[in-house]
Amino acid sequence: MQRYFIETGIEAARIIGEDARHIARVMRMKEGEEIVVVAENKAHICTITAFESDEVLVQPTDRTIPSPELPVHVTVACGLPKGDKLELITQKATELGMYALLPFEAERSIVKWDTKKGAKKQERLQKIAKEAAEQSHRTHIPVIHEPISFKQLVANVHKFDAIFIADEEDAKAGKRTRFAEKLKNVYDKESKSILIIFGPEGGIARKEAQVLLEAGAQTMSLGPRILRAETAPLYALSAISYEFE
């Protein structure tokens with residue numbers, strides 16, 4: 001059953017714009033067919049009642065679908081990576097339950113955010129998140145934030161119940177604290193929000209790691225192998241899913 005997100009309450013449910021054209025012209029759906037409409041983070045089964053110009057009118061039934069969302073909000077903060085890796089992280093992390101993506105300008109980030117093209121690129125990333133949320137039957141579309149500076153990142157860490165840094169130096173250490181053990185402590189404290197921080201290619205700089213640790217973060221061990229910038233967030237989200245779900 002096709003899933004579509006709307007920004008209004010379910011009482012005023014109607015599908016507009018590109019989604020409406022997708023229903024009418026791509027899916028070629030008819031009046032009386034059912035779709036899933038997600039309004040205010042809740043999935044409702046609705047019946048198509050009419051087609052208007054670039055709008056599809058729907059009527060909610062009394063049936064809803066249970067939410068598949070993680071019981072904890074996980075924000076991924078990643079140093080700006082090269083190429084299209086940010087798109088890959090957006091798509092796959094959305095499928096794995098990410099709540100929001102917070103790119104930041106790390107010391108080792110080779111790529112710099114082009115402010116002239118930034119709005120268009122951010123819009124594309126948000127669209128990727130929306131499509132991935134629909135495909136994975138989410139009831140929340142992750143917010144893709146505009147990149148911030150490292151200083152701004154540090155200023156925001158206090159908003160989270162738990163903060164973890166993926167530090168490759170921890171992976172190289174002979175004795176590591178397993179990420180699962182640290183997550184169990186977070187689970188026991190009934191934390192509601194987690195921030196997981198990753199560096200770009202080359203990892204987090206030593207002085208950046210130290211500043212974050214002083215701000216209340218702790219390291220997380222993602223195993224003895226060094227992971228790519230686009231792989232590490234997916235590993236961490238999978239571990240969080242295993243612990244919390």
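Position 1 is the first residue of the sequence, and the numbers go up from there. Just so we're clear, the structure is a prediction, and the values are computed from it rather than from any experiment.
A search for side chain to side chain contact (heavy atoms under 4.5 Å, CB included) contacts involving K42 returns H44, T64, not counting sequence neighbours. Scored by the side chain to side chain contact (heavy atoms under 4.5 Å, CB included) test, R14 finds I16, E52, E55, L57 as partners (sequence neighbours excluded).
Side-chain contact between V58 and T47 is absent, with no heavy-atom pair separated by less than 4.5 Å. Put simply, the side chain of F198 reaches to within 4.5 Å of the side chain of V76, judged on heavy atoms. Looking only at side-chain heavy atoms (C-beta outward), E134 and D19 come within less than 4.5 Å of each other. Between T75 and I196, the closest side-chain pair of non-hydrogen atoms is not below 4.5 Å. Between I23 and I48, some side-chain heavy-atom pair lies under the 4.5 Å cut-off. At a threshold of 4.5 Å between non-hydrogen side-chain atoms, the residues S67 and N41 do not count as touching.
Here the OH-CZ distance, from Y99 to R138, works out to 10.0 Å after rounding to the nearest 0.5 Å. Separation of atoms CD1 (I45) and CD1 (I65) is listed at 4.5 Å; rounding is to 0.5 Å. Interatomic distance, Q2 CD to I35 CD1, rounded to the nearest 0.5 Å: 9.0 Å. How far OG of S149 is from CD of E105: 7.0 Å, rounded to the nearest 0.5 Å. Note that OG1 of T231 is 12.0 Å distant from CZ of R225, once rounded to the nearest 0.5 Å. Interatomic distance, NZ of K184 versus CD of E243, reported as 4.0 Å (0.5 Å rounding).
A continuous path of ILVMFWY side-chain contacts below 4.5 Å connects M27 to V37, so both sit in one hydrophobic cluster. The cluster map of Ile, Leu, Val, Met, Phe, Trp and Tyr, joined by side-chain heavy atoms under 4.5 Å apart, puts V38 and I6 in different clusters. With hydrophobic clusters built from ILVMFWY side chains whose heavy atoms lie under 4.5 angstrom apart, L234 does not share a cluster with L88.
The neighbour count for E7 CD, taken as heavy atoms of other residues, nucleotides or ligands under 6.0 Å away, does not exceed 12. The number of heavy atoms from other shown groups lying within 6.0 Å of NZ (K207) does not exceed 12. The 12-atom threshold is exceeded at CD of E31, counting heavy atoms of other residues, nucleotides or ligands nearer than 6.0 Å.
Between Y235 and F179, the ring center distance fails the sub-6.0 Å criterion.
When all heavy atoms are compared, the tightest approach of L227 to A232 is CD1-CA, 3.9 Å. Shortest non-hydrogen contact noted between L237 and A93 is CD1-CB, 3.6 Å. Counting all heavy atoms, side chain and backbone alike, I141 lies closest to A129 at CG2-C, 4.1 Å. Here the closest heavy-atom approach between residue P103 and residue H145 is recorded as CD-O, 3.3 Å. When every heavy atom of M98 is checked against every heavy atom of P142, the shortest pair comes out as O-CG, 3.2 Å. Contact between F5 and H140 at its shortest, heavy atoms only, is CE2-N, 3.9 Å.
For the pair E69 (side chain) and T139 (backbone), a donor-acceptor distance under 3.5 Å is present. A donor-acceptor contact shorter than 3.5 Å links the side chain of S109 to the backbone of L80. For the pair T61 (side chain) and C46 (backbone), a donor-acceptor distance under 3.5 Å is absent. Here the side chain of D54 pairs no donor or acceptor atom with the backbone of G17 at under 3.5 angstrom. R108 places no side-chain N or O within donor-acceptor distance of the main-chain N or O of P200, the cut-off being under 3.5 Å.
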Could you please spell out the steps behind the side-chain contact (heavy atoms from CB on, under 4.5 Å) verdict for Y4 and V56? CA-CA 11 Å; Y4 300 93; V56 177; over 6 Å; no

Assess the residue pair E131 and Q135 against the criterion (side chain to side chain donor-acceptor pair (under 3.5 Å)); give the C-alpha distance rounded to whole Å, side-chain angles, the decisive distance to 0.1 Å, and a yes or no. CA-CA 6 Å; E131 292 173 348; Q135 185 275 327; over 6 Å; no

Any chance you could lay out the side-chain contact (heavy atoms from CB on, under 4.5 Å) test for F164 and T219, step after step, and finish with the verdict? CA-CA 5 Å; F164 292 102; T219 58; over 6 Å; no

side-chain contact (heavy atoms from CB on, under 4.5 Å) for D161 and I194? Distances and angles first, verdict last. CA-CA 6 Å; D161 296 326; I194 298 176; over 6 Å; no

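Within the hydrophobic cluster formed by Ile, Leu, Val, Met, Phe, Trp and Tyr side chains joined at under 4.5 Å, directly or through other members, I110 stands alone, with no partner residue. In the hydrophobic clustering, I204 connects to L102, F104, I148, F150, L153, V154, V157, F160, I163, I165, L195, I197, V211, L212, L213, either directly or through intervening members, whenever side-chain heavy atoms lie under 4.5 Å apart. Through direct or indirect side-chain contacts shorter than 4.5 Å among Ile, Leu, Val, Met, Phe, Trp and Tyr, V111 is connected to no other residue.
Classification of K127 and E18 as a salt-bridged pair holds, one side-chain N sitting under 4.0 Å from a carboxylate O. Under the 4.0 Å criterion applied to side-chain N and carboxylate O atoms, E34 and R63 are assigned as salt-bridge partners.
Sorted by first and then second residue, the pairs that involve residues 80-98 and meet side-chain hydrogen bond (donor to acceptor under 3.5 Å, both in side chains), not counting sequence neighbours, are K85-E201, E87-R124.
A donor-acceptor contact closer than 3.5 angstrom is absent between the side chains of K182 and N185. Side chains of E245 and S241: a donor on one and an acceptor on the other come within 3.5 Å.
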